[in-house]
Amino acid sequence: MEEVPTREVLWNVSAHWVIYPLFLLALACAVYFFVRRWRLWKIGLPEDRSDHPGERFRGMLRDALLQVKVAERRGPGFVHVAMYATMIILLVATATVAAQADLGLPLVQGDFYLYFLSLAVDIAGAALCLAMVACIVRRLANKELGSRPEDFAVLGLLLAIGVTGFVLEGLRIAGTDDPWSAWSPVGDVFAGLFAGWSADQISAVHAGLWYFHMVLAFGLIAWWTYSKLVHVLLVPRAVYNRSLAPKGELPFIDMEDEDLLTMGAGTLEELTWKDLFDTQACIRCNRCQEACPAYACGKPLSPKALMQDLGAELERRGPIVYRLQRKAARNGVEAGTSPAAEPPATAADVVAAADLTEAERAVVDRTLVGDVISPDALWSCTTCGACMEVCPARLEHVPKVVKMRTYQVSMESAFPPEAQVTFRNMENNGNPWGLGWQTRAKWTEGLDVPTLADNPDAEYLYWPGCSGAFDARNRKVSAALVRLLKEAGVSFAILGNDEKCCGDSARRMGNEFVYFMLASENIATLDACGVKKIIVQCPHCYQALARDYPQLGGNYEVIHHSALLAQLLAEGRLPRADARGAVPERVCVHDSCYLGRYQDVYDEPRAVVRAAGDSVVEMERCGSHSFCCGAGGGRMWLEEDAGTRVNVARAAQALALAPDAVATSCPFCLTMLADGMVSAKADVPVRDIAEILAGAYDD
């Protein structure tokens with residue numbers, strides 16, 4: 001009768017029952033450390049992230065459990081996926097052995113034993129050890145990762161568990177003369193190290209090492225939720241509780257709420273629980289920092305450092321605030337019978353009124369912007385969203401930046417001095433340049449552009465935006481687009497002088513007052529005119545009109561001119577010029593952050609360029625990984641002091657391709673890249689896609 005492949009479970013191990021009390025002790029430690037973290041998140045403001053559970057679960061399954069987002073980045077991403085997969089295999093193998101040892105289930109035998117418990121587990125263990133070595137080498141070599149001693153301790157502990165596991169397997173194979181040892185190739189190699197040992201030596205070393213291996217494993221479990229390994233638990237929750245709102249949408253602040261006492265975030269507890277959760281779910285993988293244009297250009301901003309600094313402050317401040325909030329809550333219950341005992345009205349009042357030690361007062365008196373996050377770092381952000389695009393945990397960096405800016409601007413009046421001029425211009429004249437509001441429609445002279453007063457039944461309202469109406473260079477884009485709309489027979493009209501700045505820059509810079517004023521006036525005008533469909537050429541206007549205005553009751557169908565032109569070309573309402581016989585130009589297409597990452601519009605601008613008869617050449621940073629022009633988040637109106645100018649860096653990336661022209665789909669990008677070409681002393685034109693298509697008809 002053929003022998004069934006198997007092995008003795010827990011060979012040479014006595015009193016293995018000690019595993020379970022030790023496991024419960026380790027688990028208790030892990031739970032204790034996790035509860036400490038949970039208390040820190042609790043100090044944040046409440047926020048409901050439980051809607052659409054099916055969509056949330058699918059995202060968690062894809063990005064967290066199946067590691068699809070992690071695997072998008074080759075190299076480190078592959079290593080991480082290997083670590084993740086091998087640890088699951090080893091966990092299943094351990095559970096299988098325990099099921100046979102303690103439940104009597106006949107699992108460690110037959111093909112399952114050979115192919116999985118022997119061969120697959122050996123390969124997985126080897127892969128884990130190699131991955132640990134690769135991670136240690138990477139952290140030693142790459143100083144940008146900002147590795148800490150605990151990072152090496154975690155990796156070293158995992159490596160030690162893997163190596164001692166193989167040594168134990170080698171001792172078992174040598175001590176039992178395992179006939180199936182060939183199915184455990186790595187363990188078989190280790191077994192050769194003990195060929196000259198006596199049975200007593202093998203038995204003694206195996207028994208001692210087994211308990212040492214067990215202590216290492218349970219030590220890891222106990223330390224799990226205190227170390228960076230907690231991300232194994234936190235990242236799935238972070239992905240599940242990710243924002244499902246349209247990209248770039250900011251939290252609504254009701255400016256008409258009479259009980260509104262503060263805006264934005266001036267302290268940690270004025271951030272939401274999810275904001276605070278993000279700071280601890282951050283795994284410091286460096287992807288956000290590598291994607292950040294501000295960091296790449298030497299600005300004092302690192303999205304990773306921002307998360308880590310907020311997390312470190314949470315560790316300092318959180319326990320104090322949690323204790324004070326609990327005490328205030330208890331007092332609030334008692335206050336039901338004693339009005340004089342009512343708790344303070346706000347989180348800030350709770351802290352301010354507390355009786356604290358000198359050391360605790362020094363902690364809670366630290367300012368969020370100033371002591372924790374430097375103002376220069378805060379104002380370096382272009383809100384391009386590159387950090388959020390690449391984050392495998394789906395953390396939300398940009399909303400935190402805007403919340404802190406909102407507090408600084410609206411509550412502290414602390415912002416770059418040039419922003420004051422921009423705010424005043426928007427407030428007084430409805431545009432950031434401060435040009436007379438009554439001259440907004442002057443760009444239409446000689447173009448025969450109807451207003452809604454002239455054509456109230458127009459299908460579309462054309463919204464040129466402040467750049468398209470006031471900036472001399474971008475007026476040419478408006479003229480080109482008007483020509484194309486007329487050629488395609490599109491029914492459109494403009495508001496003329498009744499149009500005001502959409503308010504995007506004001507809101508992203510934190511001035512909710514000015515944004516609310518502009519948005520409210522625009523919505524009233526649009527609704528009074530019965531506007532339903534709007535054409536924009538500025539992605540920032542798109543963001544405001546399509547994503548922000550619905551929070552104030554303004555709901556419109558907004559289309560960007562790149563999407564409309566691509567649609568008109570596809571329908572044959574605009575002729576293609578790619579067969580005109582002229583020599584095609586090499587056109588480098590720059591993806592606007594607010595059009596690409598925020599609206600997921602990438603193909604349409606390229607379709608327009610190709611329809612004009614030109615060939616598209618791509619920069620290394622393109623599509624969803626595009627490099628910002630430097631104008632977003634209100635940076636269009638602010639000076640750049642530190643490092644390289646972002647637009648100069650982007651222009652250099654385009655020039656590396658030796659293009660004949662650079663195509664944009666955003667007036668801010670057009671201005672910034674044109675300035676970048678001037679700085680580079682390069683004679684490469686920067687054109688909007690509408691200009692490229694309209695110009696092709698003239699050739």
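Atom set for the values below is all heavy atoms of this structure, side chains included, hydrogens, waters and symmetry mates excluded.
Using cut-offs of 30° and 60° on the angle between ring planes, the pair Phe166 and Phe190 is parallel. Between Tyr594 and Tyr598, the two ring planes are parallel [angle under 30°; tilted spans 30° to 60°]. Note: Phe194 and Trp197 have perpendicular aromatic rings, judged against thresholds of 30 and 60 degrees for the angle between ring planes. In this pair, Trp41 and Phe34 present their aromatic rings perpendicular. The plane angle is above 60°, beyond the 30 to 60° band.
No hydrogens or angles considered: nothing links the side chains of Glu8 and Thr176 as a donor-acceptor pair under 3.5 Å. Remark: the Ser50 side chain and the Arg56 side chain contain no N/O donor-acceptor pair separated by less than 3.5 Å.
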Give the C-alpha distance, both sets of side-chain angles, the deciding distance and a yes or no for side-chain hydrogen bond (donor to acceptor under 3.5 Å, both in side chains) between Ser243 and Glu396.
CA-CA 8 Å; Ser243 174; Glu396 298 156 23; 5.1 Å; no
Report the C-alpha distance between Arg242 and Cys391 in whole Å, list the side-chain angles of each, state the deciding distance to 0.1 Å, and finish with yes or no for side chain to side chain contact (heavy atoms under 4.5 Å, CB included).
CA-CA 12 Å; Arg242 69 196 183 280; Cys391 179; over 6 Å; no
Step-by-step side chain to side chain contact (heavy atoms under 4.5 Å, CB included) determination, Leu140 to Phe152
CA-CA 9 Å; Leu140 288 172; Phe152 293 104; 3.8 Å; yes
Verdict with reasoning, Arg58 to Glu55, per salt bridge (Lys or Arg N to Asp or Glu O under 4.0 Å):
CA-CA 5 Å; Arg58 287 190 295 272; Glu55 183 179 355; 5.4 Å; no
Does Glu620 form a side chain to side chain contact (heavy atoms under 4.5 Å, CB included) with Gln653? I'd like the steps, not just the answer.
CA-CA 8 Å; Glu620 182 179 355; Gln653 295 170 18; over 6 Å; no
Mind running salt bridge (Lys or Arg N to Asp or Glu O under 4.0 Å) on Arg287 and Glu72 for me, showing each step along the way?
CA-CA 11 Å; Arg287 294 191 188 193; Glu72 287 180 359; 5.6 Å; no
Go through the steps for Arg172 and Val13 under the test side chain to side chain contact (heavy atoms under 4.5 Å, CB included), then give the verdict.
CA-CA 11 Å; Arg172 178 190 61 78; Val13 176; over 6 Å; no
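Side chains of Val401 and Leu378 form a contact here, defined as non-hydrogen atoms less than 4.5 Å apart. Between Pro392 and His80 the shortest side-chain heavy-atom distance does not fall below 4.5 Å. Side-chain contact between Trp223 and Leu157 is present, with at least one heavy-atom pair separated by less than 4.5 Å. Side-chain contact check for Met619 versus Arg650: some heavy-atom pair is nearer than 4.5 Å. The closest side-chain heavy-atom distance from Trp180 to Arg7 is not below 4.5 Å. Taking the side chain as every heavy atom from C-beta outward, Ile283 and Val235 approach each other to under 4.5 Å. For the pair Lys247/Met388, no side-chain contact is recorded, criterion being any heavy-atom separation below 4.5 Å from C-beta on. Contact check for Ile89 versus Phe116: side-chain heavy atoms found under the 4.5 Å cut-off.
With ring centers used as reference points, Trp11 lies under 6.0 Å from His206.
With sequence neighbours excluded, the residues that form a salt bridge (charged side-chain N to carboxylate O under 4.0 Å, His left out) with Asp275 are Lys400, Lys403. Partners of Arg366 by side-chain hydrogen bond (donor to acceptor under 3.5 Å, both in side chains), not counting sequence neighbours, listed by chain and number: Glu313.
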